[in-house]
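Shown next, in structure tokens, is the structure this report addresses.
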Amino acid sequence: MFEHNQLSAVEFGTMSDEGLIEALRAAHGAAAAAQAAEVFAVRELYRRHRAASAEPGPGGVRAGEFAAAEAAVALYVDEGTAGALIDIGLVLEESLPRTRVAFAAGRIDLAKVRVIVDSTRALTKEVVDALEPRLLEAAARTNPARLRQAARRWAIRLDPAGAQRRRERRQDDRDVRIRAVQDSMAVFDGLLPAPGAQTVAMRLREMSLQVCAADPRTMPQRRADALVALADGSGRLRCQCGRGERCPKPGAPAQPPRRPLIQIGIAAETLLDMREAPAFLAGYGPIDAALARLLAEHARFQAVPEHSDADAGATEEAARQRVGREIRAMDGMCRFPGCTIPAAEAEVERSGSGLAVLCSRHRRLKSLADKRKQGWRVWRADRDRMQWTAPNGDVHTTLREGARYLFPHTDIALLAIEAAGVQAFSSVPGTATVADRPGSVPDEPSPFTADRPTGEDLLYPLDGHIPLHRQLSRIAPEDDIPDDVTAHQV
């Protein structure tokens, strides 16, 4: 529709909604192609430095050592960013020729390229050759968060033994860090094994809902205060509604310590060590089969049938009794395109003749669309597919993500590849299980969603941004405070 150099001169105010969507796509493609040029240029700069500046021996210059520094000062970025661009360029040149071509053409952007690079870095050439075309197909129709989950799931299926080795090696990097920022504040972050991180996350969410609805704090503020409450030993948030004894949730005595829920969806054959399909850690995403079986050693189980009519024509009361075991397990996460809010944190909404899991924000969107107050149109195409038509007419189809883990044969077909003496197979139809860690409370939601985009997605370095307009503080689904907390309890 537009030449790339004409985009800045377009008068957007005179365009139709459909024209604006096309302009967005053209601009995004142009930006992606520009990103590719930047990556290839800094990679070539590194190669030239590497060829010209090596001085072996003590006190010598390591090959290519200052290429990142030169690029960083030219672009006014930190050297870590420049180094990451160099690394991505080298991997594309050495191992991912199809991805390099797609990136240069502007068909995929830097955020998706980084997902593909990170997901294939430690895989064998045979696995990469099988996986790269699938990843490029997925990249064309999904966002970086969903692409990252699919890439990890397929990599585990193709190379299960390698996935376990990579996970065990990566655990050695666990750490917790505190970084000072302006205005007497600090950033507290860390790298933890996924089960431990989810335990912390779910406990913070649980504590953030211990205050009454009049508490003025946003959900992010409650989570931050809950973390401090865990460290200082109080173990409970005090409500800040200002109503004193009239508060329905005053500073009640702290309850005895208990472990919040960690929920894992795993195929029966994988649980029984007959297959090596990835399992699904709710609120995180795919984990390797060995870790899932380790976590399941002291869990309690619920069987989930592949085909059930439990949701068809069910009464609301019957639905409430079934959603935790079947609907939530099969959907896995919010059914809105690109949303990764876990099913345990979302709500169950009737859609046509069945039920679907939606986070509070996208449940409201569907409700408004059903009343023709929004330009979106939503319908359930069949048991597995839910279709969303955007106001510009684009149709987006979402699938039951959890079912791809519980019943691996419903996932895309991948060739079996011999890896380190372990064969990766597809599962056969049957039943699956959902494992809950002991001492847990069913359906306790998590505040953090698997693979949410962060500042490390170089295309959108907005992590940590605080909205100036308060009405924007809840716009992210994970920061939305549910209108009715009891809606999450089934």
Side-chain angles (χ1 to χ4, degrees), residues 175-192 194-262 282-284 341-342 344-346 359-361 439-441 443-450 452 454-455 462-489:
D175 187 18
V176 172
R177 297 171 295 276
I178 300 175
R179 176 169 54 87
V181 294
Q182 68 275 16
D183 302 325
S184 301
M185 298 293 285
V187 174
F188 183 96
D189 66 2
L191 182 67
L192 301 174
Q198 283 305 115
T199 298
V200 174
M202 292 178 199
R203 179 59 176 156
L204 295 181
R205 172 73 179 193
E206 177 185 57
M207 293 174 65
S208 72
L209 297 176
Q210 290 175 340
V211 297
C212 80
D215 189 290
R217 290 171 289 186
T218 65
M219 189 61 74
Q221 290 169 344
R222 294 182 192 181
R223 289 197 295 261
D225 294 347
L227 181 62
V228 175
L230 280 179
D232 68 16
S234 59
R236 181 181 177 88
L237 280 187
R238 291 188 176 274
C239 190
Q240 294 184 2
C241 67
R243 293 187 290 182
E245 295 182 355
R246 294 183 292 112
C247 175
K249 294 186 177 181
Q255 299 177 356
R258 61 184 177 85
R259 282 185 288 180
L261 173 69
I262 294 180
Y284 175 76
I341 294 290
E345 191 180 339
C359 69
S360 59
R361 175 166 297 278
S440 64
V441 175
D443 299 314
E444 191 69 46
S446 164
F448 305 126
T449 297
R452 289 202 178 108
T454 68
L462 300 175
D463 190 38
H465 174 71
I466 301 174
L468 180 64
H469 300 85
R470 186 170 177 82
Q471 66 267 30
L472 300 179
S473 64
R474 288 176 53 172
I475 200 167
E478 67 269 22
D479 293 333
D480 191 65
I481 300 176
D483 295 329
D484 182 7
V485 174
T486 60
H488 296 283
Q489 300 172 354

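A donor-acceptor pair under 3.5 Å links the side-chain atoms of Gln198 to the main chain of Ala282, judged by distance alone. Side-chain N or O atoms of Asp175 include none that pairs as donor or acceptor with a backbone N or O of Leu191 at under 3.5 Å.
Closest approach of Gly235 to Gln210, counting heavy atoms only: O-OE1, 4.4 Å. Counting all heavy atoms, side chain and backbone alike, Asp215 lies closest to Arg238 at OD2-O, 4.3 Å. Taking each heavy atom of Arg217 and Leu237 in turn, the nearest pair found is NH1-CD2, 4.0 Å. Closest heavy-atom contact between Arg236 and Ala229: O-CB, 3.9 Å.
Side-chain contact check for Glu206 versus Met202: every heavy-atom pair is 4.5 Å or farther apart.
Atoms CZ and CZ, from Arg205 and Arg222 in turn, are 9.0 Å apart once rounded to the nearest 0.5 Å. Note: Met207 CE to Arg203 CZ = 5.5 Å, rounded to the nearest 0.5 Å. Note that CG of Leu204 is 11.0 Å distant from CG of Leu209, once rounded to the nearest 0.5 Å. Rounding to the nearest 0.5 Å places CZ of Arg361 at 10.0 Å from CD1 of Ile341.
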